Amino acid sequence: MGTTSDGDRPWESYHTVYTNAKAGMDGVDKERVQRVIYEMSKGSKYFENEQRKEAFLKQRIERMHAQCAKLTTNDIAHFQMIADKRILESEAARDLSKIWLHSDMDAFYAAVEMLDNPSLKGKPLAVGSMSMICTANYEARKFGVRAAMPGFIARKLCPNLVFVPTNFDKYMYYSEMTRKVFRRYDPYFIATSLDEAYLNITDVCKERGVSSQEVAEELRNAIFEETSLTCSAGVAPNRLLAKVCSDINKPNGQFILPNERKAIMAFISSLPIRKIGGIGKVTEHILRDVLGINTCEEMLKKSAYLCALFSPCSIDFFISAALGLGSTDTPQFSLRKSMSSERTFSGTEDQSLLYQKLDEIADSLSNDMQIESLFGRTLTLKLKTASFEVRTRALSLQKYIQSKEDILSHATRLLKAELPLSLRLIGLRMSHFRDDKHGSGDPMQKTITSFIFSGDASENVLCDNHSAGTDTSDDPLIGNDLCFQDDQNVPSLGSRHPELVDEQCFNNDVDGWKKIDGFKSSAKTDEMEMYSRTESNVEVNETGKFPDNRAVYPSTREGLAFWIDDYICSLCGCELPPSFIEERQEHSDYHLAEMLQKEESTNNLSKLMQERPIDKGSSATGTSRKRQKSSPKGSKHIPIDFFFKRNKEV
DNA sequence: TACATACAC
DNA sequence: CATGGTGTATGTA
């Protein structure tokens, strides 16, 4: 490893996240792309920081290498026994009884923009700004333009690149249309972002006596007919594999992996580990440089070394993935663990300016917390220096806070201790939320939430989703351990009683939601859509930002197709059994009132929000937790509680 | 608890 | 000119 050819071809040693091949990048002149990226980056503060990080990674790799070199034959035999045991245990837990479909929209944001403005068709398009691109269409990808790449570099690669700023309200509108289709195949589908979702199609296949391939074709056709957008799908016995499969024939394609161990092993064996969700640039680098691992098959072969170098958690993740195992259950919902707000600005050391930024961020965070009725007791200040170094400073309080004043006073103290500094980003995060059963009010809120959630997560509203489950989301970490993520672990958890929910697991798959994005894919990424705030935010927050979606796009709400299948609210996804007649009426009234209010105060949303923490139910994403609030007044009577499983809250 | 990392999207 | 924002998990001290 060392210095490859830094002298002759320096660009080869500058590795960025967006230089990996993804879907649509086949005919790209990779060397030219790499060279342009290097030339445009060289000498910048960002570049220097990347070099510094690479140097640390190199040291870490060398340490691990040395650790391997010290292993004796005996050590290796010992670790091999441990590895073999884990492999047997994991294999014994293999579940081939489910059929999961992962749906991934093709270049989602860019596709929506082209649909909205047909004159963009055929032109290379990037959604985002000169600083950052969220998604590029396939025309642009031919030039090496990709999500997560700064716009000014993309323009160098493709001088005729057309830029369109993000319009999240549009993406949410189209995303909702796709979710209406998903719901017909799996009412409990898991939306991980605006453009991705996991559907358990086991029952659909069984009940209709059709193959998973037919279901995938039908679903993709339905999405195309109803949205004029294309998507790719992957079908496999678990979510981890389904996700990998949806990338195989992208765009506008599908790949079905049968529920047969032999087929799975043949598929996974030659699969580059980087294709697996949870294995990112760093983990890939470490496994390749330290152990020569590039594929899942090699990961199994080197399992003894993995056991010698990583934590149990990480080992389980690696072994599971190498065997093609993954989560097969539908996760329960989980509660939000933190909420944050951060902003990048042109670097400055002007303290009054920095305190002003802090004020804005505290205000933003406080507003978001009010929307979900959250009170937290740990505040974390995040700083990024002008040289891109990131620092965090945390403080835990005795009492739970939410107001801008409380947040700002503590944040100011934290910041003051760090100055003087030249900064380019300031962020605030609150965590350790009050469990409050009713922090704000209605005791029922939570309950309801849970309900809601059940639906799919995502989407809707309230829900949060996220968490629970498993899959992918998280990642493992690397270091020396990573944890696994998904599946594997999950199996056990999954098998527990869903009723109690455990939440332990969390996250994962589901999560997507929050972010917005859509990105996806291909190997790593395709689009990234960044954004952030949850969908809900969008709705709510939009306030300031967008004009109110509904006014522009008839979102679901306007359609008022309130009760899907007679029990699922089409606006927020909440489920109320048919017998809850009164409650449903109230719930409908709530949405109606909400819409009316919004219209009245289209421009005052922010104010509105502050006054009523309620959030409109809608939002989606949010994670759970308090979000619930949404329930409208309906809560009055409703003992709905017992319908949900309630979790713990943490 | 505090902080740093990795990762997803 | 110019390299994002939100959330979760884990390791380590």
Side-chain angles (χ1 to χ4, degrees), chain A residues 16-18 37 40-41 44-47 49-50 53 56-57 60 104 108 128-135 147-155 166 192-196 243 277-284 286 310-311 313-314 317 334 336-344 346 365 368 377-378 380-382 384 388-396 424-425 427 429 431-432 464 466-467 471-485 505-521 524-534 537 621-623:
Chain A
T16 62
V17 187
Y18 45 80
I37 291 170
M40 295 297 288
S41 302
S44 68
K45 294 290 185 189
Y46 176 82
F47 180 86
N49 186 251
E50 289 299 302
K53 289 197 293 184
F56 279 116
L57 179 57
R60 180 169 166 188
D104 193 335
F108 188 53
S129 69
M130 263 343 195
S131 293
M132 185 60 57
I133 290 174
C134 291
T135 306
M149 178 182 281
F152 68 94
I153 291 178
R155 195 176 49 181
T166 55
T192 54
S193 65
L194 290 182
D195 82 319
E196 285 186 40
K243 168 98 165 111
I279 294 185
K281 177 184 151 208
V282 175
T283 307
E284 175 191 36
I286 290 175
F310 297 91
S311 71
C313 207
S314 303
F317 170 67
S334 71
R336 172 195 283 284
K337 307 245 180 339
S338 70
M339 178 178 271
S340 66
S341 181
E342 65 184 56
R343 282 189 50 187
T344 291
S346 54
L365 178 58
D368 290 349
R377 55 176 281 264
T378 296
T380 303
L381 171 72
K382 175 180 174 179
K384 189 185 287 180
F388 287 85
E389 180 194 347
V390 176
R391 297 180 195 174
T392 60
R393 293 293 180 263
L395 174 62
S396 288
R424 71 182 336 269
L425 174 148
R429 174 174 300 267
S431 52
H432 287 146
D464 31 214
H466 342 320
S467 13
D471 239 348
T472 349
S473 344
D474 358 61
D475 56 336
L477 316 182
I478 302 189
N480 285 309
D481 334 315
L482 310 167
C483 329
F484 57 64
Q485 137 147 305
C505 336
F506 347 88
N507 194 23
N508 332 287
D509 301 56
V510 189
D511 20 345
W513 31 254
K514 312 188 150 243
K515 331 199 100 276
I516 310 194
D517 107 40
F519 181 92
K520 120 150 302 23
S521 164
K524 337 172 136 243
T525 43
D526 297 296
E527 330 183 355
M528 208 200 174
E529 328 223 355
M530 347 180 137
Y531 183 41
S532 13
R533 298 171 159 239
T534 0
N537 291 321
T621 331
T623 321

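The figures that follow rest on heavy atoms only: side chains count, while hydrogens, waters and symmetry mates do not. Lettering of chains follows the sequences in order, A, B, ..., and the numbering in each one begins at 1. Here the structure is a predicted model, which is why all the values come from computation and not from measurement.
OP1 or OP2 of dG7(C) sits under 4.0 Å from a side-chain N or O of S340(A). OP1 and OP2 of dA4(B) both lie 4.0 Å or more from every side-chain N or O belonging to R391(A). Here S41(A) does not reach the OP1 or OP2 of dT3(C): none of its side-chain N or O atoms lies under 4.0 Å away. At the phosphate of dA2(C), neither OP1 nor OP2 sits under 4.0 Å from any side-chain N or O atom of S346(A). When the side-chain nitrogen and oxygen atoms of S311(A) are compared with OP1 and OP2 of dG11(C), one or more of them lie within a distance under 4.0 Å. Between R393(A) and dA4(B) there is a side-chain N or O to OP1 or OP2 distance below 4.0 Å. In terms of phosphate contacts, R60(A) brings no side-chain nitrogen or oxygen within less than 4.0 Å of OP1 or OP2 of dT5(B). Distances shown here put every side-chain N or O of K281(A) at or beyond 4.0 Å from the OP1 or OP2 atom of dA8(B). A sub-4.0 Å separation between OP1 or OP2 of dT3(C) and a side-chain N or O of S44(A) is absent. Between S396(A) and dA2(B) there is a side-chain N or O to OP1 or OP2 distance below 4.0 Å.
Among the heavy atoms of the strands, none lies under 4.0 Å from K53(A). The residue F56(A) sits apart from the nucleic acid: no heavy atom pair falls under 4.0 Å. Among the heavy atoms of the strands lying under 4.0 Å from L425(A) are primed sugar atoms or P, OP1, OP2 only; no base atom is included.
Taking OG from S131(A) and CD1 from I153(A), the interatomic distance works out to 11.0 Å, rounded to the nearest 0.5 Å. Between M132(A) atom CE and M149(A) atom CE the span is 10.0 Å, to the nearest 0.5 Å. Within the model, atoms CZ of R429(A) and OG1 of T378(A) stand 12.0 Å from one another, a figure rounded to the nearest 0.5 Å. For the atom pair I37(A) CD1 and F47(A) CZ, the distance stands at 11.5 Å (nearest 0.5 Å). Distance check: K384(A) NZ to N49(A) CG gives 8.5 Å after rounding to the nearest 0.5 Å.
Rounded to an integer number of Å, the gap from R343(A) CZ to dT6(C) C1' is 15 Å. What separates CG of L194(A) from P of dA8(B) is a distance of 18 Å, to the nearest Å. Between the NZ atom of K382(A) and the C1' atom of dA4(B) there is a distance of 11 Å, given to the nearest Å. Taking atom CG of D104(A) as the reference point, atom P of dC9(B) lies 9 Å away to the nearest angstrom. When the P atom of dA6(B) is taken as reference, atom CD1 of I286(A) falls 7 Å away, rounded to whole Å. In this structure, the CG atom of L365(A) is 9 Å from the P atom of dG7(C), given to the nearest Å. L381(A) has its CG atom 14 Å from the P atom of dT6(C), to the nearest Å. Distance CE (M40(A)) to C1' (dA2(C)): 9 Å, rounded to an integer number of Å.
In this structure, R377(A) and T392(A) both approach DNA chain B, and ranking their closest nucleotides by distance from the 5' end singles out R377(A).
Comparing atom distances between the P150(A) side chain and each of dT3(C), dA4(B), dT8(C) picks out dT3(C) as nearest. Taking only side-chain atoms of S338(A), from C-beta outward, the nucleotide of dG5(C), dG7(C), dT3(C) with the closest atom is dG7(C). Picking from dT10(C), dA2(C), dC7(B) the nucleotide with the shortest atom distance to the side chain of M130(A) gives dA2(C). Nearest to the side-chain atoms of R424(A) among the listed nucleotides dG11(C), dG5(C), dA2(C) stands dA2(C). Looking at the side chain of A394(A), the nearest of the listed nucleotides dA2(B), dT3(C), dG11(C) is dA2(B). Closest to the side chain of I153(A), out of dT3(C), dA2(C), dC9(B), is dT3(C). In the set dG7(C), dA6(B), dT1(B), the nucleotide with an atom closest to the side chain of T378(A) is dT1(B). Checking dC3(B), dT3(C), dG7(C) against every side-chain atom of F152(A), the shortest atom distance belongs to dT3(C).
For the pair S338(A) and S431(A), the tightest heavy-atom approach, listed with the atom from each and the gap, is CB-CB, 3.9 Å.
Taking the charged nitrogens against the carboxylate oxygens, E50(A) and K53(A) do have a contact shorter than 4.0 Å, which makes a salt bridge.
For T16(A) against dT3(C), a side-chain-to-base donor-acceptor contact under 3.5 Å is absent. One donor-acceptor pair, N or O on each side, does fall under 3.5 Å between the base of dG7(C) and the side chain of R429(A).
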